[in-house]
Amino acid sequence: MDGSCTDDQSTTTETTSTVAAPVTTPPLIGSGGSVVLDLEGGLEAESRKLPSSRFKGVVPQPNGRWGAQIYEKHQRVWLGTFNEEHEAAKAYDTAVQRFRGRDAVTNFKPLPADTDEAGLEASFLNSHSKAEIVDMLRKHTYNDELEQSKRSCSLHKTPFTDGFRSGHQLVNAREQLFEKTVTPSDVGKLNRLVIPKQHAEKHFPLQNGSTSKGVLLHFEDIGMKVWRFRYSYWNSSQSYVLTKGWSRFVKEKNLKAGDIVSFQRSTGPDKQLYIDWKVKNGSGGRQEKSEIGTSFHGYRVGLLFSCDELIWGYD
DNA sequence: ATTTGTGTTGAG
DNA sequence: TCAACACAAATG
């Protein structure tokens, strides 16, 4: 039935590219189509032909997913595979801007240029090699890296951010590692939190020997309470997880599915790890009593970040 | 057993 | 340059 592609047939909006791309996709394939034999075995009209994407740089994969690719110097550069067609299209957009410059033709980009955001992303792109950008795209970590880049340099125009150079008030500067919106099972009776593979491997690499038995990680929360979680890799589900100790965190913070947990790490030599959480976005303020009085902490870690270019602690 | 992504080709 | 298609290399 509907199994075949999700032919929304263009929702118009998709062709918002700057200049070209006025048409994208012939409205409808030649109805008459000249294709003499359409009926054949007719079992699955799908099994034979692949969907064919409406987006530039996007190609269908046999398993229903989407691949992104860009060409340079006569050869293809693979940008990875994605579940959603538009994700692949966005990956292409990112790549094409890094490869061909600011005003290359994209699938979406030319959205209301955020003036500021655009500049930040542009500098982010240029501060990385093509290979690095491609790598991020293939690993699906581009957005995280970009966000992190934005945070580290809040170097606006303000010449002096008074209040900061207090000399001794300089608390631990942290960098955001990643966030995860917890699933029902993360806060359920399985007593474990699955850490998305790409983040786990990047930030919490397990040593060869530790893979099976795992390690004990220490995290400090907003109230300076230290949490210890067993971190290991589960071969059965092939996933990285926080197990022992996790359920207590869920209980104390009263975490619910949809809430977001965030992991940070000190940028200093200590490499101290931090954990924080916030209630699901738009969750009309579900504030449980939470005896600990944590009531609501605005997730302000973002303000504590340091920028590599800002040197402060050098006594 | 699946999935990725490369080899290759033909069209634009 | 680009995507369609086939299928081998890579992964699980």
Side-chain angles (χ1 to χ4, degrees), chain A residues 3-10 14-15 17-30 33-38 40-110 130-142 194-202 205-206 208 210-212 214 232-241:
Chain A
S4 69
C5 56
T6 52
D7 285 335
D8 304 338
Q9 257 325 17
S10 73
E14 67 194 38
T15 67
S17 60
T18 44
V19 195
V23 186
T24 69
T25 83
L28 281 178
I29 349 84
S34 76
V35 182
V36 185
L37 8 122
D38 255 56
E40 67 210 299
L43 276 158
E44 309 289 333
E46 168 185 51
S47 64
R48 201 134 201 80
K49 277 277 190 189
L50 265 50
S52 177
S53 177
R54 327 194 256 319
F55 299 110
K56 187 172 174 60
V58 178
V59 295
Q61 288 295 89
N63 54 350
R65 300 183 73 219
W66 301 87
Q69 61 183 22
I70 186 173
Y71 285 82
E72 182 187 48
K73 172 52 184 60
H74 250 256
Q75 69 179 17
R76 168 178 49 205
V77 176
W78 189 252
L79 305 175
T81 54
F82 306 80
N83 287 322
E84 301 302 325
E85 192 177 3
H86 72 272
E87 287 299 332
K90 286 172 67 177
Y92 173 83
D93 284 0
T94 298
V96 81
Q97 299 214 64
R98 176 61 184 80
F99 281 62
R100 301 171 190 168
R102 206 80 231 86
D103 36 31
V105 175
T106 61
N107 291 300
F108 310 105
K109 273 316 171 69
K130 293 176 183 175
E132 287 174 321
I133 296 299
V134 168
D135 200 62
M136 292 179 209
L137 293 174
R138 290 175 72 146
K139 289 190 166 108
H140 298 188
T141 66
Y142 176 77
V194 170
I195 297 181
K197 198 163 194 167
Q198 73 268 27
H199 293 131
E201 294 179 342
K202 175 172 182 181
L206 279 171
N208 207 341
S210 321
T211 309
S212 52
S232 60
Y233 182 72
W234 280 357
N235 280 300
S236 58
S237 54
Q238 303 185 346
S239 50
Y240 293 89
V241 292

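The sequence lines fix the lettering, A, B, ..., with proteins before strands; numbering per chain opens at 1. The structure displayed is predicted, hence computed values, not measured ones.
In this structure, the CG atom of Leu50(A) is 14 Å from the P atom of dC7(C), given to the nearest Å. Going from atom NZ of Lys139(A) over to atom C1' of dA10(C) covers 15 Å, rounded to whole Å. Between Asn83(A) atom CG and dT3(B) atom P there is a gap of 11 Å when expressed in whole angstrom units. In this structure, the CD atom of Gln238(A) is 5 Å from the C1' atom of dG12(C), given to the nearest Å. For the pair Arg100(A) CZ and dT1(C) P, the interatomic distance rounds to 6 Å; values are reported in whole Å.
Not one side-chain nitrogen or oxygen of Ser53(A) sits closer than 4.0 Å to the OP1 or OP2 atom of dA3(C).
Although no hydrogens or angles enter the test, the distance criterion places a donor-acceptor pair under 3.5 Å between the side chain of Asn107(A) and the main chain of Lys56(A). With Glu85(A) contributing its side chain and Arg54(A) its backbone, the two residues share a donor-acceptor pair below 3.5 Å.
Between Glu72(A) and Arg100(A) there is no salt bridge, since no side-chain N of the basic residue sits under 4.0 Å from a carboxylate O of the acidic one.
Proximity of Val59(A) to Ser53(A): side-chain heavy atoms (C-beta onward) are nowhere separated by under 4.5 Å.
When distances run from any side-chain atom of Pro60(A) to the nucleotides dC2(C), dT3(B), dA4(C), the shortest one goes to dA4(C).
Side-chain atoms of Tyr240(A) and Glu201(A) form a donor-acceptor pair, as typed in the model, at a separation below 3.5 Å.
Each of Lys197(A) and Ile70(A) was assigned the nucleotide of DNA chain C with the nearest heavy atom; the assignment lying further toward the 5' end belongs to Ile70(A).
The P atoms of dT6(B) and dG12(C) are separated by 16 Å, rounded to the nearest whole Å.
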Does the protein touch nucleotides 5-12 of chain B at the base, only the backbone, or not at all? Give it as B, S and - per nucleotide, heavy atoms under 4.0 Å. BBBB----

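The CD atom of Gln97(A) lies 10.0 Å from the CD1 atom of Ile70(A); values are rounded to the nearest 0.5 Å.
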